Amino acid sequence: MRKLSYQPGGSLAHRLYPLTKFAWLLIITTIVFIIQEGILLMATAVIGLLLLILINPSIWKIRGFRLAFITGSALFILYLLFDKTGIMLFNPGLELLSITSGGVSMGLRYSGRFLLIIFISYIFILTTDPSDLAYALMRFGLPYRYGFMLVTALRLAPVMEDEAQTIYRAQLARGVRYDQLNLRRMLLILQQFLTPLLIGALRRADKLVFSMEGRGFGASPHRTFRKRATASRLDLIISIAIFLYLSLVITLNYWSPI
Amino acid sequence: MGPNGSGKSTLLQTLMGFHTPTQGKIQGFNQELSKTKTSNLVKDIGFIFQNPDHQIFTQSVLDEAALTLRNLNLMNGKVLEKVNQYMQMIGLYPRLEDHPQRLSFGEKRRLNLVAVILHDPKLLLIDEFLIGQDLDNAHKWMQWLKDYTSKGHTILMANHHAQLTQAYCDRVIFIDAGRVIIDEPVSTAFSSLEALGYRQFLPHTGEVLAYA
């Protein structure tokens, strides 16, 4: 299992300017709630899934993806089973197993919405270096003190992960049994796990503050950047494509209500 | 011994069951260690990690020292006496009720040591015990560990300090890039290392000092 984080690569989605992707992520997430037509939502979700597989063929090995996928599909089945409104489409004689148009359209709507949001979020997270996003936001006026807060937090996350692993191992080495627990012991062991992790994080933050202060961080209100990513023609082309597609979907949504 | 990233810590951690060997197996205590869970190794093997802060879990020095004993259900009046005795030895007896995070680096390191030897494991795995100790203290603790091995315990220690290794250890395993380069008694180990060109890992001699 690989963890859900930025995976370097050279796909088109990787080469897009971070803010373009971020903006489209927000826009699509909003539009998903405007569109009511289940088939359109599900079709868009399928396109999202295909793109995701193109970008990252080993998507099924990324932590959490299977669970999200199964949850989304289960949503559809739940609606089929329990929403019996609309015209009867299939009747095996047992009420629970009968399928109605209401169940199908509601199932497609909510499952499609859920899956689409999951898929585009995965595309965004897998192809966007979070530091690049922070740098881009800073160029567009996010005060760099806050931008750096984000960058630093992202940089330190893997360090914290390693540390958590070491602390867990150190606990095992001292005879802590994670495999035979009652609730009270679990809380104690959790406390014993979190204490060193938290103290380590606070100490590191403290040291980082001193060393940044020592190098004059924040002394000047403006800052120059070594990395200078800008939007390119690619962003324009892709944006136009997404815009046309979404316009089509919205038109269809209002034009032919079933 | 070995350069940074050569695999010293990984070797120790594999012995403790944190990693599964990709090939070969680990034999010890009449069983195959590579197939034994860490929890079942604790009574035989003590492990000291590199960073003292990663292995201090409790709210008082006394609890910290006794944590392994408690987890192994070995705590009783007789053992408590032994705890106190050891705490006197490392100079922390007056601070039994203090929070362990308030100790100095060296004190934490000594507490780490006591915390894993109270239940008398036969094998002690130590990852860089000497970082942050001044040379006098380092000598003192190497001597203490040497005396400890003479009571029938075995210590395997990842170490950078060639001089101390030469003075106190019996056997040197030198690792580079994940491979054992030499595995010899300390009497011949350093001349073999020199022959192989690992000059920076030799004990400082009068000759080297003369260059400086």
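All figures in this text were calculated on a predicted structure; none of them were measured in a lab. Within every chain, numbering begins at 1; the chains are lettered A, B, ... in the order of the sequence lines, protein sequences first and strands thereafter.
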Exercise. Indicate yes or no: at least one non-hydrogen side-chain atom of His54(B) is less than 4.5 angstrom from one of Pro196(A).
Key: no
Quiz item: Got more than 12 heavy atoms from elsewhere within 6.0 Å of CZ, Phe217(A)?
Solution: yes
Exercise. Inspect the surroundings of NZ in Lys35(B) and state if more than 12 heavy atoms from other residues, nucleotides or ligands are less than 6.0 Å away.
Key: no
Is it the side chain or the backbone of [X] that comes within 4.5 Å of chain A heavy atoms, both, or neither?
X: Gln50(B); value: neither
X: Phe18(B); value: both
X: Lys43(B); value: neither

Quiz item: Applying a criterion of heavy atom separation less than 4.5 Å, what residues of residues 62-89 of chain B form contacts with chain A?
Solution: Glu64(B), Leu67(B), Thr68(B), Asn71(B)
Could you name the residues of [range] that have a heavy atom within less than 4.5 Å of a heavy atom in chain B?
range: residues 110-124 of chain A; value: none
range: residues 183-195 of chain A; value: Arg185(A), Gln191(A), Gln192(A), Thr195(A)
range: residues 161-172 of chain A; value: Glu163(A), Thr166(A), Ile167(A), Arg169(A), Ala170(A), Gln171(A), Leu172(A)

Quiz item: Between Lys37(B), His119(B), Gln101(B), which has the largest tally of heavy atom pairs under 4.5 Å with chain A?
Solution: Gln101(B)
Quiz item: What residue, out of Asp53(B), Thr58(B), Ile45(B), has the most heavy-atom pairs lying under 4.5 Å from chain A?
Solution: Asp53(B)
Exercise. Kindly determine whether Asn40(B) and Arg177(A) satisfy side-chain contact (heavy atoms from CB on, under 4.5 Å), including the steps that lead there.
Key: CA-CA 10 Å; Asn40(B) 299 326; Arg177(A) 305 291 305 240; 3.6 Å; yes
